[in-house]
Asks: 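Shown below is the structure under consideration.
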Amino acid sequence: MKKILIKNAKIVNEGKVVDGDVYIEDDMIVDVADMISAKSQDVQIIDAEGQHLLPGIIDDQVHFREPGLTHKEDIASGSRAAVAGGITSFIEMPNTNPQTTTIEKLQEKFDLAKEVSYANYSFMFGGTNDNLEEIKKVDPKTTAALKLFLGSSTGNMLVDDEKVLEEIFKNSPVMVVAHCEDEETIQKNLAAYKEEYGDNIPIEFHPKIRSEEACYLSSSKAVALAKKTGARLHVFHLSTAKELSLFDSKKPLKDKKITAEVCIHHLWFNDSMYKEKGTFIKWNPAVKTKKDQDALLKAVIDNKIDVIATDHAPHTKEEKQNVYTKAPSGGPLVQHALPAMLEFYHRNKITLEKIVEKMCHNPAILFNIEKRGYIKKGFKADLVLVDLNAPWTVQKENILYKCGWSPFEKTTFKSRITHTFVNGKLVYKNFKVLNIKNAQQLQFDR
């Protein structure tokens, strides 16, 4: 039996920061207290003096590109970068090649992750215009949610048949999660800019093409459909201030039927940065204005937005350097998401407790994940130690993504992740991922 005692940590959990110790046996947290003494010689003691202990981050939206697109990333490389970023559990998206739109393909992903993943894992099932019968077979205890693309993105899985959409909302055995952008609006805008610029549209027009109107039209439609059918809806990656009017901040998360997420890039970047960063900050939905950026962070604080995630979606540098119409949207983020959020803490924009709420507690509540997301007795020992005063700079040599680049390159973060534990085992320490695969499949209490 592996025993670990983390001593003298500042424990960030359930709205408080308290000094204390955490005792782990095998994969479980056995005790959390002000002071715990090692009861035997075989206990590994880790002195966390001056450091903060957080629950492992649960990232509800990643694209690890396996199968079919593994030149960009794979489950092994993506999950290695994730644990280096303090992400101990991930939920991966269905727009791989082949797409995860049959129970058979879903099971193949689970089988693969069991062999290669460094972090705990689950997958979303993908909805299409013609797979309703497969959707009905999805097991709520093992599958995170049903992902619908209401706007086209990488691996085009657009669901645009209104009748089918309503049937899916009515019949899905799991929560519906939606990428919301109105396709008709996008195509109309794109055609106008192509007429003027051809394929070489300046990147600054990306948020005009994938516009505020395109986002709001689609989000409001999804919310209306959820209200009409009674479906449980989670809207991914909000990018506009306007969409925030669709969501409620008054109810506790466990009582909400309609919820929302924001991603790191929409909190960190705005449209003034396209000039410097170019297509390396091209995402769908687009990074928009400073006003939108500020409103999104405020909505996190005010609880209109429930979850912070990454939408980690790597492409190679060569692919990203194509002309506008051929440069794919998305970028790698799992390794740098927590350090980026801690930067907002250093700027007095958000508390440590709120970061933990949105990145650890709330994903666990939202998806009914069993025994994860908290530092509590009887929970899985997914934990992250952070030194808030250990500056480091993102550079090519320390980037772990298979694609080899980051939109944060040359950024200096004030905080460093020093240790990551997955199910009670130390898997990352001081810039080094240990060759330990101790991941488990996420289970859902439904």
Side-chain angles (χ1 to χ4, degrees), residues 27 56-70 72-83 87-128 131-149 154-155 157 168 172-177 234 236 309-314 334 363-364 366-373 380-382 402 422-425 427 433 435-446:
D27 64 346
I57 306 298
I58 301 170
D59 190 350
D60 79 354
Q61 190 187 178
V62 305
H63 301 263
F64 283 163
R65 306 299 191 201
E66 190 168 10
L69 302 161
T70 53
K72 305 173 196 270
E73 191 80 280
D74 53 45
I75 292 170
S77 63
S79 62
R80 277 182 88 248
V83 296
I87 293 167
T88 56
S89 299
F90 65 83
I91 298 172
E92 208 260 354
M93 297 299 106
N95 54 330
T96 44
N97 184 18
Q99 297 163 347
T100 319
T101 53
T102 68
I103 299 298
E104 182 191 0
K105 294 299 171 202
L106 178 65
Q107 189 55 50
E108 283 173 14
K109 274 195 179 178
F110 279 120
D111 293 343
L112 180 62
K114 186 178 180 181
E115 298 301 317
V116 302
S117 187
Y118 287 82
N120 305 311
Y121 53 89
S122 189
F123 298 94
M124 287 197 190
F125 194 75
T128 69
N131 76 334
L132 181 59
E133 291 312 307
E134 284 290 295
I135 289 169
K136 290 176 183 176
K137 296 177 197 168
V138 168
D139 181 0
K141 289 204 172 296
T142 58
T143 305
L146 174 74
K147 174 76 181 283
L148 296 179
F149 288 88
T154 303
M157 288 177 64
I168 289 173
S172 176
V174 289
M175 175 166 63
V176 173
V177 175
H234 183 50
F236 265 169
T310 67
D311 193 13
H312 171 88
V334 286
L366 189 76
F367 291 91
N368 307 99
I369 299 171
E370 285 185 1
K371 295 187 172 155
R372 299 191 194 275
K380 298 285 187 178
D382 296 336
K402 198 173 190 180
V422 174
N423 301 307
K425 278 206 176 154
V427 298
V433 180
N435 194 25
I436 294 169
K437 298 187 181 84
N438 197 42
Q440 296 175 4
Q441 182 177 331
L442 298 179
Q443 299 297 315
F444 304 97
D445 187 12
R446 300 168 177 157

Asks: Could you tell me whether a side-chain N or O of N120 sits under 3.5 Å from a main-chain N or O of L442, the two making a donor and an acceptor?
Replies: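 Not confirmed, N120 side chain does not pair with L442 backbone.
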
Asks: Which residues pass the ring-ring contact (aromatic ring centres under 6.0 Å, His included) test with F236, not counting sequence neighbours?
Replies: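 So F236 forms a ring-ring contact (aromatic ring centres under 6.0 Å, His included) with H234.
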
Asks: Looking only at heavy atoms, what is the nearest atom pair of I103 and F125, with distance?
Replies: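 Distance-wise, the nearest heavy atoms are N-CE1, 3.7 Å.
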
Asks: List in chain and number order the residues that pass salt bridge (Lys or Arg N to Asp or Glu O under 4.0 Å) with E370, two or more places apart in sequence or in another chain; answer none if no residue qualifies.
Replies: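 Partners of E370 by the salt bridge (Lys or Arg N to Asp or Glu O under 4.0 Å) criterion come out as none, since no residue qualifies.
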
Asks: Evaluate the side-chain proximity of I75 to Y121: yes if any heavy-atom separation is below 4.5 Å, no if none is.
Replies: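 Answer no - side chains too far apart.
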
Asks: With sequence neighbours left out, what residues match E66 under salt bridge (Lys or Arg N to Asp or Glu O under 4.0 Å)?
Replies: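 E66 satisfies salt bridge (Lys or Arg N to Asp or Glu O under 4.0 Å) with no other residue.
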
Asks: How would you list all residue pairs meeting salt bridge (charged side-chain N to carboxylate O under 4.0 Å, His left out) that involve residues 113-123, not counting sequence neighbours?
Replies: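 Found none.
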
Asks: Considering all heavy atoms of both residues, which atom of P363 and which atom of I369 are nearest to each other, and what is their separation?
Replies: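 What the structure gives for the nearest pair is O-CD1, 3.8 Å.
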
Asks: Closest heavy-atom contact between A364 and G373?
Replies: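 In this case the closest contact between A364 and G373 is CB-CA, 4.2 Å.
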
Asks: Measuring only between side-chain heavy atoms, which start at C-beta, is T310 closer than 4.5 Å to I87?
Replies: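 In short, these two side chains touch, coming nearer than 4.5 Å.
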
Asks: Within this structure, what is the OG-CZ distance for the pair S122 and F367, rounded to the nearest 0.5 Å?
Replies: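 If we round to the nearest 0.5 Å, S122:OG and F367:CZ are 9.0 Å apart.
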
Asks: Using a 3.5 Å distance criterion without hydrogens, assess whether the side chain of D382 forms a donor-acceptor pair with backbone atoms of T88.
Replies: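 No, D382 side chain to T88 backbone: no donor-acceptor pair under 3.5 Å.
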
Asks: Enumerate the residue pairs fulfilling ring-ring contact (aromatic ring centres under 6.0 Å, His included) with a member in residues 87-113, sequence neighbours excluded, ordered by first and then second residue.
Replies: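 Non-adjacent pairs meeting ring-ring contact (aromatic ring centres under 6.0 Å, His included): F64-F90, F110-F123.
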
Asks: Only counting residues at least two apart or in another chain, list the ones meeting side-chain contact (heavy atoms from CB on, under 4.5 Å) with D27.
Replies: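 Expected list: K380, N423, Q440.
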
Asks: State, without any angle test, whether T101 and N131 hold a side-chain donor-acceptor pair at a distance under 3.5 Å.
Replies: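 No, because no side-chain N or O of T101 sits under 3.5 Å from a partner of the opposite role on N131.
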
Asks: T128 versus E134: any side-chain heavy-atom pair under 4.5 Å?
Replies: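 Counting from C-beta outward, T128 and E134 never come under 4.5 Å.
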
Asks: Short question: side chain of T96, backbone of P98 - any donor-acceptor pair under 3.5 Å?
Replies: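 Yes.
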
Asks: Give, for atom NZ of K147 and atom CG of N95, the distance between the pair rounded to the nearest 0.5 Å.
Replies: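 Rounded to the nearest 0.5 Å, the NZ-CG separation comes to 6.0 Å.
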
Asks: State, yes or no, whether a side-chain contact exists between L132 and I168 at a heavy-atom distance under 4.5 Å.
Replies: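 Yes, close enough: below the 4.5 Å cut-off.
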
Asks: Would you sort out whether L146 and V138 count as a side chain to side chain contact (heavy atoms under 4.5 Å, CB included), showing the intermediate values?
Replies: CA-CA 9 Å; L146 174 74; V138 168; 5.7 Å; no

Asks: Identify the heavy atoms of V174 and S172 that sit nearest to each other, and give their distance.
Replies: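 It is O-OG, 2.7 Å.
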
Asks: Between A119 and S79, what is the shortest heavy-atom contact and its length?
Replies: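 Closest pair (atom of A119, atom of S79, distance): N-CB, 3.8 Å.
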
Asks: Who passes side-chain contact (heavy atoms from CB on, under 4.5 Å) against N435, sequence neighbours left out?
Replies: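 Scan of N435 (side-chain contact (heavy atoms from CB on, under 4.5 Å), adjacent residues dropped) gives Y118, K437.
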
Asks: Please list, chain by chain and in numerical order, all residues satisfying salt bridge (Lys or Arg N to Asp or Glu O under 4.0 Å) with K141, sequence neighbours excluded.
Replies: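 Salt bridge (Lys or Arg N to Asp or Glu O under 4.0 Å) list for K141, sorted by chain: empty.
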
Asks: Among all residues two or more places apart in sequence or in another chain, which pass the side chain to side chain donor-acceptor pair (under 3.5 Å) test with K136?
Replies: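 So K136 forms a side chain to side chain donor-acceptor pair (under 3.5 Å) with E133.
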
Asks: Rounded at 0.5 Å granularity, tell me how far OG in S89 sits from CG in D60.
Replies: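 Answer for the OG-CG pair, S89 versus D60, is 11.5 Å.
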
Asks: Restricting to salt bridge (Lys or Arg N to Asp or Glu O under 4.0 Å), what partner residues turn up for E73, sequence neighbours left out?
Replies: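 By the salt bridge (Lys or Arg N to Asp or Glu O under 4.0 Å) rule, E73 matches no residue at all.
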
Asks: Is K402 reaching over with its side chain to a backbone N or O of T70, donor-acceptor style, under 3.5 angstrom?
Replies: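 Judged by distance alone, yes, a pair lies under 3.5 Å.
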
Asks: Compare every heavy atom of L106 with every heavy atom of T100, then report the nearest pair and how far apart it is.
Replies: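 Of all heavy-atom pairs spanning T100 and L106, the closest is CG2-CA, 3.5 Å.
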
Asks: Could you list all the salt bridge (charged side-chain N to carboxylate O under 4.0 Å, His left out) pairs where at least one residue sits in residues 91-109, not counting sequence neighbours?
Replies: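 Applying salt bridge (charged side-chain N to carboxylate O under 4.0 Å, His left out) to every pair that reaches into residues 91-109, excluding sequence neighbours, yields E92-K109, K105-E108.
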
Asks: Could you pull out all residues at least two apart from T142 that satisfy side-chain contact (heavy atoms from CB on, under 4.5 Å)?
Replies: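 Expected list: D139, Q441, Q443.
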
Asks: Looking at R65 and P314, would you say the former's side chain and the latter's main chain have a donor-acceptor pair under 3.5 Å?
Replies: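 Checked: pair present.
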
Asks: Taking C-beta and beyond as the side chain, do I91 and M124 meet within less than 4.5 Å on heavy atoms?
Replies: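 The answer is yes, as the side chains (C-beta and beyond) meet within the 4.5 Å cut-off.
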
